[in-house]
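Along the sequence shown, residues are numbered consecutively beginning with 1.
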Amino acid sequence: MSIRWSLVIPVKTLVAAKTRLAAATGPHRTRLAVAVASDTVSAALACPLVARVIVVTADPAAAGPLDALGADVVSDPDRGLNTALRTGAAHAVRLAPGDAVGALQADLPALRPAELALALEAAAEFDQSFVPDALDVGTTFYGVRPGRPFTPRFGGESRAKHLAGGAKELCVPGIDSVRRDVDTPDDLRAAVRLGLGRHTAAVVADLWPDPALIPSSNPAPPA
């Protein structure tokens with residue numbers, strides 16, 4: 001029988017979210033941030049190995065839509081990302097002490113439930129493990145088996161931090177959507193190529209009817 005998972009998804013206060021997309025999205029940045037988080041939460045809830053999704057946020061503008069999707073929303077103590085994740089994990093353990101606990105970044109708009117299931121199946125084999133981001137610098141998922149200490153090390157070059165902390169790096173083929181977080185316009189273009197979830201796709205279609213018009217993160221200087 002497969003291990004069931006509680007996934008903790010942290011969502012920043014929207015005024016601080018996706019700042020590297022500000023120039024490209026203008027006044028629609030917070031709308032895009034909610035859409036991206038909504039697609040992440042929706043895909044996670046649709047994964048057959050996920051028993052529940054716990055969103056940790058201090059922003060009611062995010063909490064309402066994500067609660068409506070079926071997430072269990074808890075308040076962010078506002079003491080940093082890893083504290084937020086540990087708060088969500090503690091809530092998860094109170095709800096279901098026999099389930100594994102994972103942290104999933106909130107900015108995975110192309111996330112596929114089947115690909116997430118592949119990552120979770122692999123993670124279930126190790127006491128603690130993680131999935132690196134597409135650049136092999138950061139981390140998009142960190143998880144522990146039931147009863148194991150939950151010690152996320154997100155922020156900065158978190159791949160190296162998780163490796164140093166003894167977590168197993170999951171090199172699973174076919175999980176591109178799990179690794180594709182979106183921080184910059186170039187990241188968004190890459191997510192478009194994978195296939196966006198419906199919430200993000202609707203915002204992108206409003207802003208750029210032709211996705212090829214999404215600006216580059218590093219536009220060429222004028223001649």
Is it the case that one hydrophobic cluster holds both [X] and [Y], taking links as side-chain heavy atoms less than 4.5 Å apart, direct or via other members?
X	Y	result
Leu196	Val36	yes
Ile175	Ile9	yes
Val182	Ile214	yes
Val178	Val41	yes

- When you look at Leu116 and Leu7, which way does the side-chain contact (heavy atoms from CB on, under 4.5 Å) test go after all the steps? CA-CA 11 Å; Leu116 178 59; Leu7 290 187; 3.9 Å; yes
- Task: For Arg193, check salt bridge (Lys or Arg N to Asp or Glu O under 4.0 Å) against everything at least two apart and list the hits.
- Result: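 If we apply the salt bridge (Lys or Arg N to Asp or Glu O under 4.0 Å) test to Arg193, skipping adjacent residues, there are no hits.
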- Message: Which residues pass the salt bridge (Lys or Arg N to Asp or Glu O under 4.0 Å) test with Asp67, not counting sequence neighbours?
- Response: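 Asp67 satisfies salt bridge (Lys or Arg N to Asp or Glu O under 4.0 Å) with no other residue.
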I need the [X] [atom1] to [Y] [atom2] distance, nearest 0.5 Å.
X	Y	atom1	atom2	answer
Leu120	Arg4	CG	CZ	11.0 Å
Leu188	Trp208	CG	CH2	5.5 Å
Asp181	Asp107	CG	CG	4.5 Å
Leu32	Leu207	CG	CG	7.0 Å

Acceptor/donor pairs from residues 43-53 side chains to any protein atom, 3.5 angstrom cut, sequence neighbours excluded:
{"residue": "Arg52", "atom": "NH1", "partner": "Ser6", "partner atom": "OG", "Å": "2.7"}
{"residue": "Arg52", "atom": "NH1", "partner": "Asp99", "partner atom": "OD2", "Å": "2.7"}

- Only counting residues at least two apart or in another chain, list the ones meeting side chain to side chain contact (heavy atoms under 4.5 Å, CB included) with Ala114.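 Ala114: no side chain to side chain contact (heavy atoms under 4.5 Å, CB included) contacts found.
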- Task: Can you sort out the partners of Pro146 under side chain to side chain contact (heavy atoms under 4.5 Å, CB included), two or more places apart, ordered by chain and number?
- Result: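 By the side chain to side chain contact (heavy atoms under 4.5 Å, CB included) rule, Pro146 matches Ile3, Ala100.
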Pair up each side-chain donor or acceptor in residues 198-205 with any protein partner under 3.5 Å, not counting sequence neighbours, and list the distances.
{"residue": "His199", "atom": "ND1", "partner": "Asp39", "partner atom": "OD1", "Å": "2.9"}
{"residue": "Thr200", "atom": "OG1", "partner": "Ala35", "partner atom": "O", "Å": "3.4"}
{"residue": "Thr200", "atom": "OG1", "partner": "Asp39", "partner atom": "OD2", "Å": "2.6"}

- Task: Any salt bridge (Lys or Arg N to Asp or Glu O under 4.0 Å) involving residues 199-211? Give me the pairs, sequence neighbours left out, ordered by first then second residue.
- Result: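 Found Arg31-Asp206.
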- Task: Could you list all the salt bridge (Lys or Arg N to Asp or Glu O under 4.0 Å) pairs where at least one residue sits in residues 170-180, not counting sequence neighbours?
- Result: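 Listed once each, the pairs are Asp136-Arg179, Arg180-Asp187.
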- Query: Does any pair with a residue in residues 123-133 pass side-chain hydrogen bond (donor to acceptor under 3.5 Å, both in side chains), and if so which ones, sequence neighbours excluded?
  - Reply: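 Listed once each, the pairs are Asp127-Arg148, Gln128-Tyr142.
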Compare every heavy atom of [Y] with every heavy atom of [X], then report the nearest pair and how far apart it is.
X	Y	result
Leu194	Ser177	CD1-CA, 4.1 Å
Trp5	Ala124	CZ2-N, 3.9 Å
Pro215	Pro185	O-CB, 3.0 Å
Gly174	Leu118	O-CD1, 3.9 Å
Pro211	Val192	CB-CG1, 3.9 Å
Gly102	Phe141	CA-CE1, 3.9 Å

Counting C-beta onward and ignoring hydrogens, is there a side-chain heavy-atom pair between [X] and [Y] closer than 4.5 Å?
X	Y	answer
Val144	Thr151	no
Leu66	Ser38	yes
Val172	Val131	no
Leu111	Leu104	yes
Arg86	Pro152	yes
Val93	Val101	yes

- Item | No-hydrogen, no-angle side-chain donor-acceptor test under 3.5 Å, Gln105 and Thr140 |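 No - no donor-acceptor pair under 3.5 Å links their side chains.
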- Query: Is the backbone of Gly195 close enough, under 3.5 Å, to the side chain of Arg112 for a donor and an acceptor to pair up by distance?
  - Reply: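 Checking the backbone N and O of Gly195 against the side chain of Arg112, a donor-acceptor pair under 3.5 Å is found.
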- Query: How does the hydrophobic cluster around Val137 look, that is, which other residues are in it when side-chain heavy atoms under 4.5 Å mark a link?
  - Reply: Leu135
Show every donor-acceptor pair shorter than 3.5 Å between a side-chain atom in residues 154-167 and any protein atom, with sequence neighbours excluded, or say none if there are none.
{"residue": "Ser158", "atom": "OG", "partner": "Thr139", "partner atom": "N", "Å": "3.0"}
{"residue": "Ser158", "atom": "OG", "partner": "Thr139", "partner atom": "OG1", "Å": "2.8"}
{"residue": "Arg159", "atom": "NE", "partner": "Glu169", "partner atom": "OE2", "Å": "2.7"}
{"residue": "Arg159", "atom": "NH2", "partner": "Glu169", "partner atom": "OE1", "Å": "3.1"}
{"residue": "Arg159", "atom": "NH2", "partner": "Glu169", "partner atom": "OE2", "Å": "3.4"}
{"residue": "Lys161", "atom": "NZ", "partner": "Gly155", "partner atom": "O", "Å": "2.6"}
{"residue": "His162", "atom": "ND1", "partner": "Thr139", "partner atom": "OG1", "Å": "3.0"}
{"residue": "His162", "atom": "ND1", "partner": "Ser158", "partner atom": "O", "Å": "3.1"}
{"residue": "His162", "atom": "NE2", "partner": "Arg153", "partner atom": "N", "Å": "2.9"}

Enumerate, atom names and distances included, each donor-acceptor pair closer than 3.5 Å involving a side-chain atom of residues 68-76, sequence neighbours excluded.
{"residue": "Asp72", "atom": "OD2", "partner": "His91", "partner atom": "NE2", "Å": "2.8"}
{"residue": "Asp76", "atom": "OD1", "partner": "Asp78", "partner atom": "N", "Å": "2.8"}

